[in-house]
**Student:** 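I have a structure here, written as structure tokens, and I will follow up with some questions on it.
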Protein chains: 2
Amino acid sequence: MPELDAIDRKILSHLQNDSRLTMQELADKVGLSVSPCHRRVKLLEERGVISRYVATVDQKALGLHVSVFISIKLARQKEEDLNRFARAISKWDEVLECYLMTGNRDYLLRVVAADLASYETFLKTKLTRLDGIASIESSFALSQVKYSIALPV
Amino acid sequence: MPELDAIDRKILSHLQNDSRLTMQELADKVGLSVSPCHRRVKLLEERGVISRYVATVDQKALGLHVSVFISIKLARQKEEDLNRFARAISKWDEVLECYLMTGNRDYLLRVVAADLASYETFLKTKLTRLDGIASIESSFALSQVKYSIALPV
DNA sequence: CACTACATTGGTAAAATATCCCAAAATCGA
DNA sequence: TCGATTTTGGGATATTTTACCAATGTAGTG
């Protein structure tokens, strides 16, 4: 796995903020001509450093006014239990993020919903129907102060 | 604000997963020809429904092995205090997400760092130097079970 | 220091794609 | 049913991506 040099990092930094830059614009910003810039981007894609290109959508425009963080404690934490939980979670579109946490061996989930009613539906028809959950604790977000996809490079 | 119809939602759904689809590919997927599909995408951009296009980068490839959730309690919660905190947070690249939470009026932050040492540096040189913070509580993520940018449409 | 081998760069041309314009079709209201 | 408005589809043009190849730079060796 070759290291990322300064130019690679510049490329990543710019593409994380705007992936619609043309190769010409990107090349100018990082101080290369189009050809080597293009090859570097392709290499970063092939190596999986750039994993995908996505459009970000405004949450309010979709009417998703509720953001919830859910702490979940499982009854047992055998690998089999963890995997079963992870598989279930992964299928649900409402769950945007899920982390296995240190400490109490909890999961932390970020979930979005249109309103409290549909969040309740999510809880009742999906989350609480899973086996092996010891406890669920919801914390609601009043506002999103910062949301970024751009990792520090 | 005109409503989003079924085709708009299909477009958003696809672009959230892959923004490098050509207009022809996208048009095929949503059942339109290129022209109307293109105009719909442009309208969604102008209306701010599509807010940006970004590349997602692999966290491990950048050597960012530590993900931390930080709960923060402020000493006072006047609007002025909240704004000051929000401005400071927004400047720091290590902070990817920040939410104002219900309940104890805490903030919840998601922070990434290369290792525990650099996380400690972040705490010492940035976070704990802010005025008006009553308490800080860090929880570490062992693994990212799910991470998606795609809102349910 | 000179030489070779290797990796990286930059320009150019061809292919793919985005974008714009206009006529045709569909939809909505009265 | 009719007219007005919106949406669609095709084609022409402008932009952009992509592949190729020669030139430049770099590292290692005697």
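Order of the sequence lines sets the chain letters (A, B, ...), proteins ahead of strands, with each chain counted from 1.
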**Student:** Whole Å only: how far is the CG atom of A/L21 from the P atom of D/dT16?
**Tutor:**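 Answer to the nearest Å: 11 Å.
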**Student:** Under 3.5 Å, is there a donor-acceptor pair linking the side chains of A/Q144 and B/Y99?
**Tutor:**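 B/Y99 and A/Q144 do have a side-chain donor-acceptor pair below 3.5 Å.
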**Student:** May I have the distance from B/K42 (atom NZ) to C/dA18 (atom P), rounded to whole angstrom?
**Tutor:**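 Distance, rounded to whole Å: 9 Å.
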**Student:** Could you state the CZ-P distance from A/R20 to D/dT15, rounded to the nearest angstrom?
**Tutor:**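 Rounded to whole Å, this separation is 16 Å.
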**Student:** CG of A/L43 versus P of D/dA19: gap in Å, rounded?
**Tutor:**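 Roughly 12 Å, once rounded to whole Å.
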**Student:** Write down the distance between CG (A/L4) and P (C/dT8), rounded to a whole number of angstrom.
**Tutor:**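 In whole Å, C/dT8 P lies 13 Å from A/L4 CG.
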**Student:** From CD of A/Q24 over to C1' of C/dG11, roughly how many Å is that when rounded to an integer?
**Tutor:**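 In whole Å, C/dG11 C1' lies 11 Å from A/Q24 CD.
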**Student:** Between B/S67 and B/Q59, do the side chains contain a donor N or O and an acceptor N or O under 3.5 Å apart?
**Tutor:**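 The answer is yes; a qualifying pair exists.
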**Student:** Tell me the interatomic distance from B/M23, atom CE, to D/dT16, atom C1', rounded to whole angstroms.
**Tutor:**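 About 14 Å, once rounded to whole Å.
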**Student:** Looking only at atom types and distance, does a side-chain atom of B/D18 sit under 3.5 Å from a main-chain N or O of B/H14, one as donor and one as acceptor?
**Tutor:**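 Not a single qualifying donor-acceptor pair exists.
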**Student:** Check whether B/K146 reaches the backbone of A/V95 with its side chain - one donor and one acceptor, N or O, closer than 3.5 Å.
**Tutor:**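 Judged by distance alone, yes, a pair lies under 3.5 Å.
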**Student:** Heavy atom of residues 9-18 of chain A under 4.0 Å from DNA chain D: which residues?
**Tutor:**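 Hits under 4.0 Å, by residue number: none.
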**Student:** Is it true that a side-chain atom of B/S118 and a backbone atom of B/A113 form a donor plus acceptor pair closer than 3.5 Å?
**Tutor:**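 Pair absent, no side-chain N/O of B/S118 close to backbone of B/A113.
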**Student:** Which parts of nucleotides 7-13 of chain D does protein reach within less than 4.0 Å, heavy atoms only, written one letter per nucleotide 5' to 3' as B for base, S for sugar-phosphate only and - for none?
**Tutor:** -BBBB--
**Student:** Are the side chain of A/S13 and the backbone of A/R9 linked by a donor-acceptor contact shorter than 3.5 Å?
**Tutor:**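 Side chain of A/S13 to backbone of A/R9, a donor-acceptor pair under 3.5 Å: no, none is there.
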**Student:** Hey, does A/V112 have a side-chain heavy atom less than 4.5 Å from the side chain of A/F122?
**Tutor:**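 With C-beta onward as the side chain, the pair stays apart.
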**Student:** Using whole Å, what does the distance between atom P of nucleotide C/dT19 and atom NE2 of B/H38 come to?
**Tutor:**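 Distance check: B/H38 NE2 to C/dT19 P gives 4 Å.
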**Student:** Tell me whether B/S71 contacts the main-chain N or O of B/E137 through its side chain, where contact means a donor paired with an acceptor under 3.5 Å.
**Tutor:**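 Not confirmed, B/S71 side chain does not pair with B/E137 backbone.
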**Student:** Could you tell me if B/Q77 and B/D81 have a donor-acceptor pair between their side chains, going purely by distance under 3.5 Å?
**Tutor:**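 No - no donor-acceptor pair under 3.5 Å links their side chains.
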